[in-house]
Amino acid sequence: MSSVNRFDVITIFPDYLAPLSLSLIGKAQASGLISIGIHDLRDQTTDVHGSVDDTPYGGGAGMVMSPEPWGKAIDQVAELAPGEIHELIVLTPAGEKFTQELAQELTNSKHLIFACGRYEGIDVRVSDFYSKAKNFKVREVSIGDYVLGGGEVATLVIMEAIIRLIPGVIGNPASLDEESHTLTSESGVLVEYPNYTKPKEWRGLNVPDILLSGNHGEIAKWRLEQAQIRTKNRPS
Ligand code: SAM
C-alpha cells in the first residue's frame, strides 16, 4: 500500500505552521519520506490589501472567505503532484470528526491539501466545486466539537497524527501497535494501559510487582486488563 508523500497547506498565516519543521515531522522531511509545502492564500489576491474575505450573502456577523483566491491556490497546488488524486481536507467544525481510523486511512493518500479557514469559514462553493472536479476528493474535517479561530492548529493535529503512522517515520514501528485507539480486544478498541519507568518507588508510589516479574505472558495479560478498565472508566 502506498503512503502519503506530499502535503500542502493553504493558509493566510504561513508562520502558524512553523512547528512542522521540528521533531519527527522535521526529520521525516529531511530524510525525504514526505514533503510539505506551505502556501500563503494572499499570494492569490489582486488588490492592494490582499483581501481574502467579504460580507456574507443573507447578512449576519463576520466575514466569509471568498472562493476566488481559494480556487486559484488549490489549482496551483494540485500541479505540484501531477497525476495523483488530490485529497482536499477543508477544516471546519461542521465536518466529519477526525479519528485515529481516519488518520490511518489518510496515510493511503499520495497528495493531501489542507484548506485552513479563518473568519466565518470558506465559501462552501469551494468544497462543492472540488467535490465534482476530476482527480479531487473533498473531505470536510473537524478535530472536535469546539470552535477554533482558524484551521491551522487543526491542520497541525491532523498532519501529526497521519505522519507518525507513515512507515519509516517512527524509529520502532512496534510502538504504534499497542497505542490508545489502535489497541484492540474482543470488546473493541481500547486506550493504552498505564506506563511506568524508573525509579521503582516515587513519592511513596510503587510500580506494580507484575511489571518487575519478567513474566511476559502475565505482563501482557495485566496490561490488557488495565487497558480494558481504563477504557470502561474513561469519561465520554
Ligand atoms: N463559522 C464557523 C462555524 O460556526 O462553523 C466557524 C468558523 S471558525 C471561527 C474559523 C475557521 O477555523 C474554520 O473555517 C475552520 O477552518 C477552523 N476551525 C474552527 N474550529 C475547528 C474545528 N473544530 N475543527 C477544524 N477546524 C476548525
For I219 and S213, run side-chain contact (heavy atoms from CB on, under 4.5 Å): C-alpha distance rounded to whole Å, both residues' side-chain angles, the deciding distance at 0.1 Å, then the answer. CA-CA 8 Å; I219 291 171; S213 70; 4.1 Å; yes
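- When the salt bridge (Lys or Arg N to Asp or Glu O under 4.0 Å) test is applied to E105, the partners found at least two apart in sequence or on another chain are R139.
- With rounding to the nearest 0.5 Å, the separation of OG in S142 from CD in E96 is 9.5 Å.
- Side-chain atoms of R6 never come within 3.5 Å of backbone atoms of H111 as a donor-acceptor pair (strictly under, hydrogens ignored).
- Between S127 and E140, the side chains place a donor N or O and an acceptor N or O closer than 3.5 Å (distance only, hydrogens not considered).
- Proximity of I74 to V77: side-chain heavy atoms (C-beta onward) are nowhere separated by under 4.5 Å.
- Hydrophobic clustering, with ILVMFWY side chains joined whenever heavy atoms are under 4.5 angstrom apart, keeps L183 apart from V191.
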Report all side-chain donor-acceptor pairs from residues 160-167 shorter than 3.5 Å, counting only partners two or more places apart or in another chain.
unit_1	atom_1	unit_2	atom_2	d
R164	NH1	E179	OE1	3.0
R164	NH1	E179	OE2	3.4
R164	NH2	E179	OE2	2.6

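- Follow the hydrophobic side-chain contacts under 4.5 Å out from V64 and you never reach Y119; the two are in separate clusters.
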Please evaluate residues D145 and K97 with respect to the criterion side-chain contact (heavy atoms from CB on, under 4.5 Å), reporting the C-alpha separation (whole Å), side-chain torsions for both, the decisive distance (0.1 Å), and the verdict. CA-CA 8 Å; D145 288 344; K97 203 86 70 71; 3.3 Å; yes
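- Residues V124 and L41 fall into different hydrophobic clusters, defined by Ile, Leu, Val, Met, Phe, Trp and Tyr side chains chained together at heavy-atom separations under 4.5 Å.
- Residues T182 and E192 fail the side-chain proximity criterion, which asks for heavy atoms closer than 4.5 Å.
- Residue pairs meeting the salt bridge (charged side-chain N to carboxylate O under 4.0 Å, His left out) criterion with at least one member in residues 39-67, sequence neighbours excluded, do not occur.
- Expressed to the nearest 0.5 Å, how far NE2 of H86 lies from NZ of K137 amounts to 14.0 Å.
- The list of salt bridge (charged side-chain N to carboxylate O under 4.0 Å, His left out) pairs with a residue in residues 122-136, not counting sequence neighbours, reads D123-R125.
- Side-chain contact between F136 and I113 is present, with at least one heavy-atom pair separated by less than 4.5 Å.
- Using modelled atom types and a 3.5 Å distance limit, the side chains of D75 and Y130 yield a donor-acceptor pair.
- No side-chain heavy atom of L112 sits under 4.5 Å from any side-chain heavy atom of I158.
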Contacts table for residues 11-21: side-chain donor-acceptor under 3.5 angstrom, sequence neighbours left out:
unit_1	atom_1	unit_2	atom_2	d
T11	OG1	F13	N	2.7
T11	OG1	E152	OE2	2.7
S21	OG	A18	O	3.0

Exercise answer: donor-acceptor pairs, residues 199-210 side-chain atoms, under 3.5 Å, sequence neighbours excluded:
unit_1	atom_1	unit_2	atom_2	d
E201	OE2	G204	N	2.6

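- When side chains are defined from C-beta on, K110 counts as touching N5, because their heavy atoms get closer than 4.5 Å.
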